[in-house]
Structure formats: structure tokens, C-alpha cells
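Note that these values count all heavy atoms, side chains included, but never hydrogens, waters or copies made by symmetry.
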Amino acid sequence: MDPKNVKSDLVLILDYGSQYTHLITRRIRSLSVFSLCISGTSSLATITDLNPSVVILSGGPHSVHTPDSPSFPDGFLPWARSHGVAVLGICYGLQLLVQRLDGDVRVGHKQEYGRMEICVDKPSALFPSGKVGKRQVVWMSHGDEAVTLPDGFHVVARSDQGAVAAIENPSAKLYGLQYHPEVTHTEEGMETLRHFLFDVCSVKAGWNMEDVMEEEIKVINDTVGPDEHVICALSGGVDSTVAATLVHKAIGSRLHCVFVDNGLLRYKERERVMETFEKDLHLPVVCIDAVDQFLTKLKGVTDPETKRKIIGKEFICIFDAFAQELESKMGKKPAYLVQGTLYPDVIESCPPPGSGRTHSHTIKSHHNVGGLPKDMKLKLIEPLKLLFKDEVRQLGKFLDVPEAFLKRHPFPGPGLAVRVLGDVTEGNALDILRQVDEIFIQSIKDAGLYDSIWQAFAVFLPVRSVGVQGDQRTHSHVVALRAVTSQDGMTADWYYFEHKFLDDVARKICNGVRGVNRVVQDITSKPPSTIEWE
């Protein structure tokens, strides 16, 4: 998808490392306005080529006083002013604006973190006249504060402690919020963003999945020659299935789908997924049994990053072999590989600005992003890489993917390899995990909770505990249960089950799965943890 062809003005986010940056992107898209997030240290050419209508400078953990603090490129502000592009600084972004325009930013006497109250001081562009004198609860997260503003700027809101909360220079189209309007803790945050985009900046909305579908089909047809063939790696998840259905709609029978059984699938996943592909989606799918190939390579490997790299490499080896097999049959070798990479996959595989790192290991190397070998022969087609999970589900509806399939919980590309902590080939860890996971998921479905949960799964822990089963002492395995709610997978809260449900599930697991005598629940949100354990 080419951002220049989207039927909406573009709001560009320059990311300076805030854990909330992705939320700005999501909130703006929820207003039917296209938004992209790129590194805050991107070149001026990169920014101008995207032709944004509005640029937002995100928050971040840095101080503008440190020598290596990230910043926008020289010439950015003059370019924005000459082209009528509004700029909004949030938190660190506000301080960056002030500092780069010769204002004064100092370490705050009273640092502000968490929920705070602010008061709107005067009529302004950022706050409608009805807000003057009114208080609102916002989410603060800053140690530094703006003390002296650049010429042309005015303070329009302050915190209870007297710190600058909002500034603006409307004639230059420069604005700043010291708090985070994108988080739900800021009660009027969405109202503020909506007012800023539509009333202050006159942004044109028009971002919708139907247009995305048409644009992606056009891009695919422009990319893939009329006689070229494409391979699609199907995992059985929503992302790869929607990607395959989209490409199939574009090029028809020249798409060749392959589903690889790598020995890391869930309970009866192979049988269930193949049946869905054939009966409901009518996609041409070849199933390859590669269990021995993957498990042999993974034997003895405990590091999660190494496991991801190995799995990514083996997948590509299989796809290359499949391409050669197709070449012998058709006389033409497929040139492209379709993957269901999403925007969060790309974001989580990129280093934060100011980290001093340029490799893709910030949170985890995604199997579609950081786990692929550099010498792979197939060229990638990633039609979903600018979309979030909920947007992919919307796109799937336009493509007539069955709703029951679209509601499936996400399943990681590396499969159970990232849910067995340690060596996946040791003992019967995979078999135990499959049985535990099946009991947990089926119990969730039976309780009518499946659609209320973003993702649920079991984890095999590399520890044993002492127990008593059948009047005998046991020294068996411990498993963890994980269930979260989320909108896009970038942040998540743990799901609160009733005690009776957890009691029933734990009993079913300990009584029904040989080798398990203890069940624990993961009650950690994201952040600080990730959703998956590895």
C-alpha cells in the first residue's frame, strides 16, 4: 500500500521512543484518518516524500539536555511552516519544540507522573472556548518542563502544580501538549485529538478498509507480472489467511499456498486448519510435513531469539524447495512469497530512537521481520504490513473470510516454540502443552468467553514442583495460563476470570494431563511484559 494513494490526509508520527506512540497511530486511525509512525530521526527527505498534512512529535524517555537525545532533522520546522503543515509535540515532543526554537527546558522541581489535573487558562486553538477555566484529568509522564517559551508561543493550560501543560503558536501552526492525549487515562484525550485534527488542522478523513482492499489489489497486480507466480505461507492464523485471500483475489490461480506442519502446532491444528482452507475459504493449499526437519534443528536450543531465527530460516528453506518443485511442474519458478506481517510486527522489531542500535532486536525478532535470512531468494509481498490486527479483521470481512475464522485468537509464527520455555524437544513438553492448551481454550469457549478475550494460551515452564496425586508424591511439571484483552496487540491487560472458572480448569488439567501437578496464572499486563512469554 502506497501512503500517497490513500484517500485521506496523512498524519505522520515521529517516534521518539514512548511506549504510547503506537496508541497515537491507533487513535487517529479510529477517526478514519490515515496515520503512520516512523523514526523520529528520519531524514527530511523521508518526511517530505510522505507529504503529511500534520506531523506529531511523540513522547519518549529522553531528556533534551543529553548530547545524544534524538531530534527531528535540520530544516524540518522551516519546511513545515512553508508548506502549511501543523506540528503537535506531545510530552518529549513539546520539550523538543521548545528547545529547538531557543526556548528553555529545565529539570522540573516537581516531576509529574500518572493522573494529574490541568486547567485551561485562556481561549485557544487547542481548547474550544467552553473549556476555559475547566479542569480535566490527564496522564502525565515527565521530569523536565518548559520554563521559557520561544517567541510567538503562549501557555494555554497548566497543571495543578503550575507546570506548563499546553502551549501553542497558531500563526506558525505549532502546538504542544505536555500530557498524553492518546491514553485512556486522559479522559478528554480523544476529544482533544479530534478537535485538533478536524477543527484546528482541517484534516480530511477517508481511511477505510474497502479502499485499502482496492489499493492493495492494485499494488499486487502492479508488482506481480502477468505470468509470474506467488507462494503464500499459511499458518492457519487470521493474518496469513487474510493476506492469502487478498492476493488470491488479485491474481487467482497463480497463487500457491503452502501450510507447513513444523511440529510446533496446537492440538489437531493441522487437521482443523486444512479443513477450513478447503471447505470455507476454497484456497489451493499444499500441506508439507516438516516435523522432523524443524525439531532436529531446534534440539538443545533454549534461547528464544535463536529459536525464532532457526524457525525463520527453516521456513524459507522449505519455501525455496516448494518453489523449485513448482518450477519443475510449471516450467516457471515463483518469484514472490506472501506473508501476513502486521504493523505491530514491524514496530516491535525496530529499535527505539536514541537507543544507539540499528538492528531489529528491540522487543523480539518477529519471524516475518527479524527472523528471515538475508540471502532468501524469494521477494516478499506483505500486503498487511501497515495494518493493525483489528483492521485486518475488518479487511477480512470485505474479503468474505468467515467470521468464525476472523475471531480466532492470534497464534505466533514460531508456534509452540515460544510457549515452551527452553528446549522444545526435551521430554514430552510439546505433547503436554498441546493437551493443557486444548483444555484451557475449550473451557473458555464452553464458558462463552472466547470472543471477549484477545488471546489465550498455555505455557510450559521449565520447572518441576512437588505434588500429591493419588495419595502419592509427584515431582511434575508446572504450566501457566495466559489470557489478555487488547485492541491491537500493542498493549494488553490480563483477563480477570472468576475463581470458579480457574478452579475448574486447573482441576481438569491436573486430572487430565499426565505429568502436570501445578497450574499458575499470568496476571501481567503489556507493558511491562509482552503477551507471549518468549
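- Judged by distance alone, with hydrogens and angles left aside, the side-chain atoms of Gln324 form no donor-acceptor pair with the main-chain N or O of Ala321 at under 3.5 Å.
- The distance between the ring centers of His409 and Tyr450 falls below 6.0 angstrom.
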| said: Run the side-chain contact (heavy atoms from CB on, under 4.5 Å) test on His22 and Cys37 for me, step by step, so that the C-alpha distance in whole Å, both residues' side-chain angles and the decisive distance to 0.1 Å come before the verdict. | reply: CA-CA 7 Å; His22 62 277; Cys37 175; over 6 Å; no

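- Between Asp522 and Leu481 the shortest side-chain heavy-atom distance does not fall below 4.5 Å.
- Salt bridge annotation for Lys500-Asp504: present, with a cationic side-chain nitrogen under 4.0 angstrom from a carboxylate oxygen.
- Closest approach of Ala244 to Leu283, counting heavy atoms only: CB-CD1, 4.1 Å.
- When only modelled atom types and interatomic distance are considered, Ser35 and Arg29 share no side-chain donor-acceptor pair under 3.5 Å.
- For the 3.5 Å distance criterion, the side chains of Asp446 and Gln442 qualify, holding a donor opposite an acceptor.
- Between Asp503 and Arg507 there is a salt bridge, since a side-chain N of the basic residue sits under 4.0 Å from a carboxylate O of the acidic one.
- Proximity of Ile13 to Leu36: side-chain heavy atoms (C-beta onward) are nowhere separated by under 4.5 Å.
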| Can you check side-chain contact (heavy atoms from CB on, under 4.5 Å) on Leu50 and Leu10, steps first, answer last? | CA-CA 8 Å; Leu50 289 169; Leu10 170 64; 3.8 Å; yes

| request: Apply side-chain contact (heavy atoms from CB on, under 4.5 Å) to the pair Val338 and Ile231, showing each step before the final yes or no. | output: CA-CA 6 Å; Val338 177; Ile231 291 174; over 6 Å; no

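- Arg270 places no side-chain N or O within 3.5 Å of a backbone atom of Asp261 that could act as its donor or acceptor partner.
- Judged by distance alone, the side chain of Thr245 and the main-chain N or O of Leu399 form no donor-acceptor pair under 3.5 Å.
- Of the inter-residue distances, the one linking Ile453 atom CD1 with Thr485 atom OG1 reads 9.0 Å to the nearest 0.5 angstrom.
- By the neighbour-count criterion of 12 heavy atoms within 6.0 Å, atom CD of Glu327 is densely surrounded, having more than that number from other residues, nucleotides or ligands.
- A distance-only check finds a donor-acceptor pair linking the side chain of Arg434 to the backbone of Leu265 [under 3.5 Å].
- Here the closest non-hydrogen pair linking Thr41 and Pro70 is CG2-CB, 3.7 Å.
- Ring-plane geometry between Phe277 and Phe405 is classed as tilted, the angle between the planes lying from 30 to 60 degrees on a 0 to 90 degree scale.
- The pair Glu403-Lys407 counts as a salt bridge, with a side-chain nitrogen and a carboxylate oxygen less than 4.0 angstrom apart.
- In this structure, Glu215 contributes its side chain and Val212 its backbone to no donor-acceptor pair below 3.5 Å.
- The aromatic rings of Tyr343 and Phe388 stand perpendicular to each other, their planes meeting at an angle above 60°, with 30° marking the opposite boundary.
- Side chains of Leu387 and Met209 form a contact here, defined as non-hydrogen atoms less than 4.5 Å apart.
- Across all their heavy atoms, Cys232 and Leu255 have their closest contact at CB-CD1, 3.6 Å.
- Under a 3.5 Å cut-off, the side chain of Gln455 and the backbone N or O of Pro410 do form a donor-acceptor pair.
- Within 6.0 Å of atom NE2 in His499, 12 or fewer heavy atoms from other residues, nucleotides or ligands are found, so the atom counts as exposed in its surroundings.
- Side chain of Arg518 to backbone of Val479: no donor-acceptor contact under 3.5 angstrom is found.
- Contact record, Gly396 with Val242: CA-CG2, 4.0 Å, taken as the closest heavy-atom pair.
- In summary, Lys249 and Glu214 do not engage in a salt bridge, as defined by a charged side-chain N under 4.0 Å from a carboxylate O.
- Annotation: side chain of Ile28 is not in contact with side chain of Phe34 (no heavy-atom distance under 4.5 Å).
- Between the side chains of Thr474 and Asn517, at least one donor N or O sits under 3.5 Å from an acceptor N or O.
- Considering all non-hydrogen atoms of both residues, Gly413 and Asn262 come closest at O-ND2, 4.5 Å.
- Using modelled atom types, one side-chain atom of Asn208 and one backbone atom of Asp211 make a donor-acceptor pair closer than 3.5 Å.
- Using a 4.5 Å heavy-atom cutoff, the side chains of Leu337 and Val230 are not in contact.
- Side-chain atoms of Thr46 do not come within 3.5 Å of backbone N or O of Ser42 as any donor-acceptor pair.
- A donor-acceptor distance shorter than 3.5 angstrom exists from the side chain of Tyr336 to the backbone of Thr223, with no hydrogens or angles considered.
- More than 12 non-hydrogen atoms from other residues, nucleotides or ligands lie less than 6.0 angstrom from NZ of Lys333.
- Looking at Ser240 and Ser235, their side chains do bring a donor and an acceptor atom within 3.5 Å of each other.
- Minimum interatomic distance between Leu433 and Ala458 (heavy atoms only, all atoms of both residues): CD1-O, 3.3 Å.
- Side chains of Ile38 and Leu12 form a contact here, defined as non-hydrogen atoms less than 4.5 Å apart.
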| Could you go step by step and tell me if Asp15 and Thr21 meet the side-chain hydrogen bond (donor to acceptor under 3.5 Å, both in side chains) rule? | CA-CA 6 Å; Asp15 177 19; Thr21 300; 3.1 Å; yes

| request: Carefully, step by step, assess Arg26 and Glu391 under the rule salt bridge (charged side-chain N to carboxylate O under 4.0 Å, His left out). | output: CA-CA 10 Å; Arg26 283 296 303 118; Glu391 294 171 330; 3.7 Å; yes

| task | May I have the step-by-step check of side-chain contact (heavy atoms from CB on, under 4.5 Å) for Val516 and Gln435, ending in yes or no? | result | CA-CA 11 Å; Val516 175; Gln435 294 176 64; over 6 Å; no

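- Side chains of Val260 and Asp289 form no contact here, defined as non-hydrogen atoms less than 4.5 Å apart.
- Aromatic ring orientation, Trp494 versus Tyr496: tilted (interplanar angle from 30° to 60°).
- Counting non-hydrogen atoms of other residues, nucleotides and ligands closer than 6.0 Å to CZ of Phe398 gives a total above 12.
- Arg393 forms a cation-pi arrangement with Trp454, by the criterion of a distance under 6.0 Å to the ring centre and an angle within 45° of the ring axis.
- Under the 3.5 Å distance criterion, with hydrogens and angles disregarded, no donor-acceptor pair is assigned to the side chains of Thr302 and Asp423.
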| message | Assess the residue pair Asp303 and Lys307 against the criterion (salt bridge (charged side-chain N to carboxylate O under 4.0 Å, His left out)); give the C-alpha distance rounded to whole Å, side-chain angles, the decisive distance to 0.1 Å, and a yes or no. | response | CA-CA 6 Å; Asp303 177 68; Lys307 286 194 280 189; over 6 Å; no

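- Under the side chain to side chain donor-acceptor pair (under 3.5 Å) criterion, Arg266 pairs with Glu269, sequence neighbours left out.
- In this structure the side chain of Leu264 never reaches within 4.5 angstrom of the side chain of Val291, judged on heavy atoms.
- Taking the six-membered ring for Trp and the full ring otherwise, Tyr16 and His62 have centroids separated by 6.0 Å or more.
- Under a 4.0 Å N-O distance rule, the pair Glu278/Arg272 does not qualify as a salt bridge.
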| query | Checking salt bridge (charged side-chain N to carboxylate O under 4.0 Å, His left out) for the pair Asp227/Arg254: CA distance, chi angles, key distance, verdict? | reply | CA-CA 8 Å; Asp227 298 321; Arg254 290 185 288 130; over 6 Å; no

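- A cation-pi arrangement is present between Arg419 and Phe457 under the rule of less than 6.0 angstrom and at most 45 degrees off the ring axis.
- For Lys389, the salt bridge (Lys or Arg N to Asp or Glu O under 4.0 Å) test picks out Asp239, with sequence neighbours left out.
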